[in-house]
Asks: 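One structure coming up, written as structure tokens, with questions to follow.
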2 protein chains.
Amino acid sequence: MPRPRAFDEESVLDNAMNIFWRKGFETTSVQDLVEETGLNRASMYSSFGDKKALFLRVLEHYSAKISTKRFEKLRETADGREAIVATFKDTTLQCCNDGRFKGCLMVNSGMELAPHDPDIAAISHRAFRRVEDMFANALRRGVDAGTISGDKNIRALARFLAASFQGVQLMARRGSDPETLQDYTETILAALD
Amino acid sequence: MPRPRAFDEESVLDNAMNIFWRKGFETTSVQDLVEETGLNRASMYSSFGDKKALFLRVLEHYSAKISTKRFEKLRETADGREAIVATFKDTTLQCCNDGRFKGCLMVNSGMELAPHDPDIAAISHRAFRRVEDMFANALRRGVDAGTISGDKNIRALARFLAASFQGVQLMARRGSDPETLQDYTETILAALD
DNA sequence: CATACTCTGGAACGGATGTTCTATAATACA
DNA sequence: TGTATTATAGAACATCCGTTCCAGAGTATG
């Protein structure tokens with residue numbers, strides 16, 4: 001019976017994600033969202049709730065679409081060491097070529113909101129933990145394959161890699177020059193030796 | 001002739017710094033600043049210009065007061081290796097005990113504003129470079145003292161340390177748990193071996 | 001074709017934003 | 001002591017914020 005929606009939820013989330021990613025939560029106005037998504041104010045509120053609810057949906061969307069893809073090789077490359085190296089190199093290269101200083105939406109949001117917003121703090125914490133676990137798995141695969149020394153503290157090294165991965169994206173958002181980023185990444189990866 | 005000021009500029013900057021540090025630039029309102037500093041609106045505008053001008057003064061103040069102190073040991077401890085280790089351990093401990101997730105004002109501001117504000121991007125970039133240079137100096141002292149191996153790439157290692165130092169403060173602001181932070185710091189410092 | 005229902009466009013809401021203005025208070029020098 | 005000069009207090013400004021409301025558009029079913 002009802003009038004069908006004139007918008008595609010996926011593409012609305014894509015567009016909303018891009019503004020939030022570029023500008024951050026507070027600086028992005030509902031007006032910005034309306035203009036960028038093409039969606040009407042009323043439709044936005046009836047379909048997604050308020051601004052924060054939309055933002056939470058965007059974070060899920062980011063995890064599912066961007067983050068999942070960014071860690072694809074980390075999860076799937078058979079040799080753990082190769083998986084880790086490729087993940088860092090790909091992201092570093094991507095950050096350099098981006099040129100728009102977006103960094104990582106999850107990192108940005110954690111920095112901006114976690115101190116004041118327990119919901120975001122929890123999401124951000126879980127996201128970090130997921131990444132940490134992915135690195136830990138890759139490290140174990142590396143140890144099994146013999147490309148990573150067996151006497152490493154896997155958990156500590158995984159935490160280091162996860163934190164350093166965030167560090168790379170912090171540097172990218174701040175607009176770091178490529179040489180600095182490359183020096184940084186190479187030294188991070190030296191921890192695998 | 002004129003009526004003397006009823007406020008102390010130093011303490012106004014201290015208070016303003018603390019709000020900006022906690023809340024970030026955009027989220028801090030002029031009302032917040034008026035309440036926290038005790039300074040009148042008109043006095044604020046006549047003495048410091050607008051909100052952004054005050055923020056720039058606060059960043060200088062932060063560099064001179066907080067940042068300088070934070071890197072005191074890094075600059076002054078004779079043995080470079082000891083200087084670096086102490087700097088990381090002190091800051092990590094301080095971050096854990098803070099409990100208010102403030103992180104580093106310079107890092108926070110760079111993340112929030114650098115992509116959209118060239119002034120902040122430049123300030124943030126210079127600040128990073130200064131830290132990088134301090135680490136490089138410490139590394140050279142360590143090499144001279146024989147506590148750091150001579151075949152290291154000093155510049156790359158300094159960049160790694162400076163970036164990782166930011167990483168620690170990123171983690172702190174996000175509210176990372178102490179064990180993760182400690183694992184992270186210890187693995188960073190292993191790069192000195 | 002009529003009805004029921006949801007979506008859409010845009011105006012409207014109260015409140016908060018950064019900034020400026022005006023009137024008054026307070027001092028140092030003539 | 002009177003005057004010049006600046007600081008202060010607080011009202012006032014236009015603008016933007018997130019959110020809500022209402023009138024009308026559009027379609028699947030009866």
Side-chain angles (χ1 to χ4, degrees), chain A residues 1-59 61 105 108-109 112-113 116-120, chain B residues 1-59 61 105 108-109 112-113 116-120:
Chain A
M1 296 196 205
R3 174 178 175 178
R5 292 185 158 170
F7 65 90
D8 171 36
E9 189 169 288
E10 164 98 4
S11 79
V12 166
L13 285 175
D14 269 343
N15 290 328
M17 177 181 76
N18 280 322
I19 329 176
F20 279 130
W21 199 348
R22 238 186 306 127
K23 305 187 65 172
F25 177 76
E26 295 288 355
T27 315
T28 298
S29 67
V30 174
Q31 186 58 31
D32 290 335
L33 292 164
V34 165
E35 284 167 14
E36 192 89 358
T37 60
L39 188 52
N40 187 270
R41 280 177 120 75
S43 303
M44 238 197 68
Y45 276 86
S46 72
S47 309
F48 296 98
D50 60 9
K51 185 187 169 190
K52 187 183 166 187
L54 171 58
F55 184 67
L56 293 176
R57 286 289 307 277
V58 161
L59 282 183
H61 187 66
L105 176 60
N108 302 350
S109 305
E112 182 186 358
L113 304 170
H116 310 291
D117 187 325
D119 296 339
I120 304 291
Chain B
M1 297 198 206
R3 172 177 176 177
R5 293 185 158 171
F7 65 90
D8 173 36
E9 190 169 289
E10 164 98 5
S11 79
V12 166
L13 286 175
D14 268 343
N15 290 328
M17 178 181 74
N18 281 321
I19 330 177
F20 279 130
W21 200 348
R22 237 184 308 125
K23 306 186 63 172
F25 177 75
E26 295 288 354
T27 315
T28 297
S29 67
V30 174
Q31 185 58 30
D32 291 335
L33 292 163
V34 165
E35 283 166 16
E36 192 89 358
T37 61
L39 188 54
N40 186 270
R41 282 177 119 76
S43 304
M44 237 196 69
Y45 275 87
S46 72
S47 310
F48 296 98
D50 60 9
K51 185 186 170 190
K52 188 184 166 188
L54 172 57
F55 184 68
L56 293 175
R57 286 290 307 278
V58 162
L59 282 183
H61 187 67
L105 177 60
N108 301 350
S109 306
E112 182 185 358
L113 303 171
H116 311 290
D117 186 325
D119 297 339
I120 304 290

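All heavy atoms count here, side chains included; hydrogens, waters and symmetry mates do not. Here is the naming used below: chain letters follow the sequence lines, and residue numbers restart at 1 for every chain.
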Asks: Parallel, tilted or perpendicular, judged at 30° and 60°: which one describes the rings of A:F55 and A:F20?
Replies: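 Perpendicular: the ring planes of A:F55 and A:F20 meet at over 60°.
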
Asks: Starting at CE of A:M44 and ending at C1' of D:dC21, how long is that distance when rounded to a whole Å?
Replies: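 Taking atom C1' of D:dC21 as the reference, CE of A:M44 is at 16 Å.
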
Asks: Is there a donor-acceptor contact under 3.5 Å from the side chain of A:S11 to the main chain of A:D8?
Replies: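 Side chain of A:S11 to backbone of A:D8, a donor-acceptor pair under 3.5 Å: yes, one is there.
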
Asks: What is the distance from CD of A:E35 to C1' of C:dG10, rounded to the nearest Å?
Replies: 14 Å

Asks: Salt-bridged, B:E9 to B:R57, with N to O below 4.0 Å?
Replies: yes

Asks: Salt bridge between A:E26 and B:K23, side-chain N to carboxylate O under 4.0 Å?
Replies: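 Result for this pair is no, no salt bridge flagged.
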
Asks: Can you see whether B:F25 has B:K51 sitting over its ring - NZ or CZ less than 6.0 Å from the centre and within 45° of the normal?
Replies: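 Yes - B:K51 lies over the ring of B:F25, closer than 6.0 Å to its centre and within 45° of its axis.
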
Asks: For nucleotides 17-19 of chain C, list the nitrogen or oxygen atoms of the protein found under 3.5 Å from its nitrogen or oxygen atoms, one pair per line.
Replies:
from   : atom 1 : to    : atom 2 : distance (Å)
C:dG18 : OP1    : B:T28 : O      : 3.4
C:dG18 : OP1    : B:K51 : NZ     : 3.0
C:dG18 : OP2    : B:V30 : N      : 2.7
C:dT19 : OP2    : B:Y45 : OH     : 2.8
C:dT19 : OP2    : B:K51 : N      : 3.1
C:dT19 : O5'    : B:Y45 : OH     : 3.3
C:dT19 : O4     : B:R41 : NE     : 2.7
C:dT19 : O4     : B:R41 : NH2    : 3.3

Asks: Verify, without hydrogens or angle tests, whether A:S46 (side chain) and A:S43 (backbone) share a donor-acceptor contact under 3.5 angstrom.
Replies: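 Indeed, once roles are kept as given, a pair shorter than 3.5 Å links the two residues.
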
Asks: Taking atom C1' of D:dG18 as reference, at what distance in whole Å does atom CD1 of A:I19 sit?
Replies: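 Result: 15 Å.
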
Asks: Check whether any side-chain nitrogen or oxygen of B:S43 sits under 4.0 Å from OP1 or OP2 of D:dT8, and answer yes or no.
Replies: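 Yes.
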
Asks: Just the rounded figure in Å: distance from P of C:dC7 to CG of A:D8.
Replies: 15 Å

Asks: How close or far is atom P of D:dA9 from atom CZ of B:F7, stated in whole angstroms?
Replies: 11 Å

Asks: Between C:dT22 atom C1' and B:N40 atom CG, what is the distance in whole Å?
Replies: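 Roughly 13 Å, once rounded to whole Å.
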
